[in-house]
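Down below is the structure, laid out as C-alpha cells.
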Amino acid sequence: MAVSDLAPALLALGEIFHEANAIVSPEAPQVALEVRAFDHGSFEVILSLGQAQGIAEELVRLLSGRDATALANLIELIVGVGGVFALLKWLHRHAVARRDEVGGGITRLTAEDGSTVDVHSESVALSERVTVRRNVRKVVEPLAREGVDELRFALGSGVALVVESSDLEAFVVPEVVDIPITDEQTEMALAITVLPFTGGRKWRLSDGRLTFFADMADEEFLQRIETDQETFAKDDILRCRVRVRQWQVESGLKTEYQIVKVTEHLTSVRTVTLPLPLEEQSSAPPISSTDQA
C-alpha cells in the first residue's frame, strides 16, 4: 500500500484516540500512537499514554497501575466489540427503534426487527461526534483501494474487530445540519459603514460595537433609493426593525441579520443652533427735524 494511502489512516486513528481520551479521561495523560515495527508488509501500532518518562519506566507504569486499565478501556471504546467501529457496522444493518441505558455504562440498542446490541454508552456518544466520524472514515478509506480487502484490529493474541471493504458504506459521514437557536426581531439604530453602490442587498452596518453585514429586505426603502428619494453619506444612521437569526454550526455559532423595515433615516450631517433672536426687530424710525426742535 502506498504511504500516501496509509499515513492519513494512521493519523486519523491517532486523532480518534486523542479526542476520545480527552473526553472520557480529561485528567489522564495524552495518548500517542506509534508505529514500532514492520514485518512482511505488516506493522504493529502501539498505543501509549504520556511521553515524559523513559520507555522502561513507562512500561512498568502502564502494566501495573490505573493507566493500564484506562488504556484498555479506551481501546475497547474505539475498536472493541462494543466500540465505535463495531457500533457503526451494526447501525448500517439495523434501523434502531429503541435506546435504553441498562447500567454499568452500557447502552442497549433495539432494532426494528427485534435484534439488540449492547455497546458502551461512551462509544455511542463518540460516534455522534462529527470529528470522530470523519476520522473513522479516514481510517477505513484504504479499503476503497484495489487489493485492500480488510482491516483487522488485533489485541494481544485475539482479533477484536474486522472491517471489510464491503463495510465501507457503514462509515459514510452524514451531512451536518445547522441547528436553529434563535429567531427574533428587535428595534435597532445602525450606522452605515459601507454604502452598497452596486445596488446589492448586503449592507455593512454597525451598532456602535459590532460591524456586520445585513440583508436589506425593505422593498419600499429600496424603491426610494432607486427613485433618488433617499441620499446617503457615510455614517448615516438607520432606525429599523431587524430580524436576528442564530444557528449552532460545526464551527460554533452563526448569526445572520436582516433589515425588515427602515423606520427612519438620520443624516450624519450635523447642525448647530446660532444665538440669533427668535423674531426680527424692526429698526427705529429716523429722527426728523421736528423731533429735534
If you define the side chain from C-beta out and look only at heavy atoms, does anything of [X] sit under 4.5 Å from [Y]?
| X | Y | answer |
| --- | --- | --- |
| V163 | E150 | no |
| W247 | V177 | no |
| F212 | S206 | no |
| I225 | F232 | yes |
| M188 | D207 | yes |
| N135 | L13 | no |
| V139 | L10 | no |
| I16 | F85 | yes |

Approximate separation, where rounding is to 0.5 Å, of [X] [atom1] and [Y] [atom2]:
| X | Y | atom1 | atom2 | result |
| --- | --- | --- | --- | --- |
| S165 | R145 | OG | CZ | 13.0 Å |
| E122 | S127 | CD | OG | 12.0 Å |
| D183 | Q258 | CG | CD | 9.0 Å |
| D236 | L205 | CG | CG | 11.5 Å |
| I259 | W203 | CD1 | CH2 | 9.0 Å |

Going by atom type alone, with no hydrogens or angles, which donor-acceptor pairs under 3.5 Å involve a side-chain atom of residues 166-175 and a protein atom two or more places apart or on another chain?
{"from": "D167", "atom 1": "OD2", "to": "E164", "atom 2": "N", "distance (Å)": "2.9"}

Assess the residue pair L253 and Q248 against the criterion (side-chain contact (heavy atoms from CB on, under 4.5 Å)); give the C-alpha distance rounded to whole Å, side-chain angles, the decisive distance to 0.1 Å, and a yes or no. CA-CA 5 Å; L253 184 67; Q248 181 184 4; 5.6 Å; no

Group every Ile, Leu, Val, Met, Phe, Trp and Tyr by side-chain heavy-atom contacts under 4.5 Å, then state whether [X] and [Y] land in the same group.
| X | Y | answer |
| --- | --- | --- |
| M216 | L210 | yes |
| L77 | V84 | no |
| L88 | V176 | no |
| V96 | L87 | yes |
| V124 | I106 | no |

Count the heavy atoms belonging to other residues, nucleotides or ligands that lie under 6.0 Å from CZ of R224, then report whether that count exceeds 12. yes

Ignoring hydrogens and geometry, is there a side-chain-to-backbone donor-acceptor pair from [X] to [Y] under 3.5 Å?
| X | Y | value |
| --- | --- | --- |
| T116 | L109 | no |
| K254 | D178 | no |
| H18 | G14 | no |
| S123 | V119 | no |

Hey, what's the ring geometry for F221 with H265, parallel, tilted or perpendicular (30° and 60° as the breaks)? perpendicular

With a 3.5 Å cut-off and no angle check, do the side chains of R241 and Q185 form a donor-acceptor pair? yes

Do T182 and E184 get their side chains close enough for a donor-acceptor pair, meaning under 3.5 Å? no

Measure across [X] and [Y] and return the closest heavy-atom pair with its distance rounded to 0.1 Å.
| X | Y | result |
| --- | --- | --- |
| A111 | H94 | CB-CB, 3.7 Å |
| L190 | V242 | CD1-CG2, 4.0 Å |
| K138 | A12 | CB-CB, 3.5 Å |
| A86 | G80 | CB-O, 3.7 Å |
| T227 | Q229 | OG1-NE2, 2.8 Å |

Worked check of salt bridge (Lys or Arg N to Asp or Glu O under 4.0 Å) between E19 and R129: CA-CA 10 Å; E19 183 173 354; R129 296 176 67 92; 2.7 Å; yes

What do the steps show when you test I192 against L238 for side-chain contact (heavy atoms from CB on, under 4.5 Å), and what is the final call? CA-CA 7 Å; I192 302 173; L238 301 177; 4.0 Å; yes

List the steps, then state whether side-chain contact (heavy atoms from CB on, under 4.5 Å) holds for S121 with E101. CA-CA 8 Å; S121 300; E101 300 295 330; 2.9 Å; yes

Evaluate I75 against F153 for side-chain contact (heavy atoms from CB on, under 4.5 Å), listing each step before the verdict. CA-CA 10 Å; I75 293 173; F153 292 95; over 6 Å; no

Any Lys/Arg nitrogen of R108 or D118 sitting under 4.0 Å from an Asp/Glu carboxylate oxygen of the other? yes

Under-4.0 Å salt bridge between E187 and K261: no

Check against ring pair (Phe, Tyr, Trp, His ring centres under 6.0 Å), Y257 and F213: CA-CA 7 Å; Y257 300 87; F213 285 95; over 10 Å; no

Checking E250 against R133 for the salt bridge (Lys or Arg N to Asp or Glu O under 4.0 Å) test, could you report, in this order, the C-alpha distance in whole Å, the side-chain angles of both residues, the deciding distance, and whether it holds? CA-CA 13 Å; E250 185 177 348; R133 293 290 292 272; over 6 Å; no

For residues 208-219, which residue pairs pass the side chain to side chain donor-acceptor pair (under 3.5 Å) check, not counting sequence neighbours? R201-E219

